[in-house]
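We count ligands from 1, going down the list as the structure has it; atoms in each ligand are counted the same way.
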Amino acid sequence: MKKTIYLDHAATTPVDPRVFQAMRPFFIEKFGNPSSLYTAGMEANGAVNDSRRKIAEILHAMPDNIIFTSGGTESDNLAIFGVARSNPPSQGGTRGVLAKRHIITTQIEHHAILSPLHALEQQGWSITYLPVDKAGLVNPNDVIQAIRPQTVLISIMYANNEIGTVEPIAEIGKQLLHYRKENKTVYPYFHTDACQATGLLDLDVEKLHVDLMTINGSKIYGPKGIGALYVRRGVKIEPIIYGGQQERHVRAGTENVPGIVGLGKALELVQKNKDKESARLKKLAEYFINKLKLIPDCKLNGPELENNRLVNNVSVTFNGVEGEALVIYLNEKGIMCSTGSACNNNVSERSHVLKAIGLPEKEAASTIRFSMGQTTAKTDLDYTVKCLLEIINKLNASLRAK
Ligand SMILES: *Cc1c(COP(=O)(O)O)cnc(C)c1O
């Protein structure tokens, strides 16, 4: 059998067998609808609530702060449209001019944030897309400076999926609390997309001072198509999906019981192993980054490993080599990685994240992302560097021959 090495954990992760075991009964024997009043329904409802309690505990939240969704994208959409819809247009500003309602974000968010915000812009909202520095970091002072009386939401990702930048969420949250206190207002709310951070960083919503937080099963060895949105008590949010009364009327539809059980189990497992796994991955990243120095003309994108970098992310520019070609050649060697975010792979469009950190177009097109995880061993990285050297030498030789 061909050797395969999976270095795309930022796109999705395999399901942990223990997670699958926990989910299994809820497909077949315990298949009831959680809203039903007989035993099978109560069993399912109990499992949903157990998972909710488990997740809430890890986030230092209350169980009824957790809304289950169909994944990271829906949680992000619910945070944005949910808050937007709870703030209908009002007669703001002076002389009867309708003041534009306002949301603050960054230029390097996932499309699950940017696309909903573009849609709101079409509907007349004003959106501030804050710039980031060369490492991808947003400045907390810029965030606070951007607040207007009409700002209802700030959404900033916890860790970036392309270049691994860990944003100063707790610091922004702290400054925001101060702003709100001084201005005697509950707005703007603060949302963070923690899809990439989960399992590697602290998720305590009290320490982070966030009002809303997106969680995703598919990146933490849980199933795909399940996620949650943390919503602090008192935060006003309207549904985006209407129907039954599930999830405190915020998210209608029969609960994905196996998915919910899987999400709770997955989060429990990664959380337990968080410090150990982070330390292990950090060592591997150090090793990998050092070995990559054998390859001429390549450089790491995003922050240094010692500074605000997600330890599983290694984004590298190989100057003079086409990133897409590299991904395809690596695949022939059994190595799976990506040219950036998995969601962009069909679009031959320059990454908005690499653009925001000032990477010229040519370098952006020469960039690939390795993202490590539980399946990654040191020998995988040795093999990857060996293959990279081979492929790049061959590509360069054929370029010279032309
Ligand atoms: C993966 C990801 C999402 C989207 O998650 P889906 O499972 O595709 O819905 C959103 N934000 C970030 C930062 C992600 O990494």
Worksheet item: With a cut-off of 4.0 Å, which atoms of ligand 1 are near a heavy atom of Asp76?
Response: 10 (C), 11 (N)
Item to complete: Taking only heavy atoms of Asn216 into account, list the atoms of ligand 1 that are under 4.0 Å away from them.
Response: 1 (C), 5 (O), 6 (P), 7 (O)
Worksheet item: Counting heavy atoms only, which of Lys219, Glu109, Met157 is nearest atom 2 (C) of ligand 1?
Response: Lys219
Response to the item:
ligand 1 atoms nearer than 4.0 angstrom to some heavy atom of Gly72 are 5 (O), 6 (P), 7 (O), 9 (O)
Worksheet item: Is Gln196 close to ligand 1, meaning an N/O of one under 3.5 Å from an N/O of the other?
Response: yes
Item to complete: Check each of Ile226, Thr73, Asn160 against atom 6 (P) of ligand 1 and report the one with the nearest heavy atom.
Response: Thr73
Discussion item. Using ring centroids (six-membered ring only for Trp), state whether Tyr129 and His118 fall under 6.0 Å.
Written reply: yes
Practice prompt. Please indicate whether Arg85 has more than 12 foreign heavy atoms, meaning atoms of other residues, nucleotides or ligands, lying under 6.0 Å from its CZ.
Written response: yes
Discussion item. As an exercise, identify every atom of ligand 1 less than 4.0 angstrom from a heavy atom of Asp193.
Written reply: 10 (C), 11 (N), 12 (C), 13 (C)
Item to complete: Take Arg180 and Asp211, measure what salt bridge (Lys or Arg N to Asp or Glu O under 4.0 Å) needs, and give me the verdict at the end.
Response: CA-CA 13 Å; Arg180 295 196 293 218; Asp211 305 298; 3.0 Å; yes
Practice prompt. Can you establish whether the number of heavy atoms outside Tyr187 located under 6.0 Å from its atom OH is more than 12?
Written response: yes
Item to complete: Assign the ring pair Tyr6 / His9 to parallel, tilted or perpendicular, where the plane angle (0 to 90°) is split at 30° and 60°.
Response: perpendicular
Item to complete: Take atom CD of Gln145 as the centre, draw a 6.0 Å sphere, and report whether it contains more than 12 heavy atoms from other residues, nucleotides or ligands.
Response: no
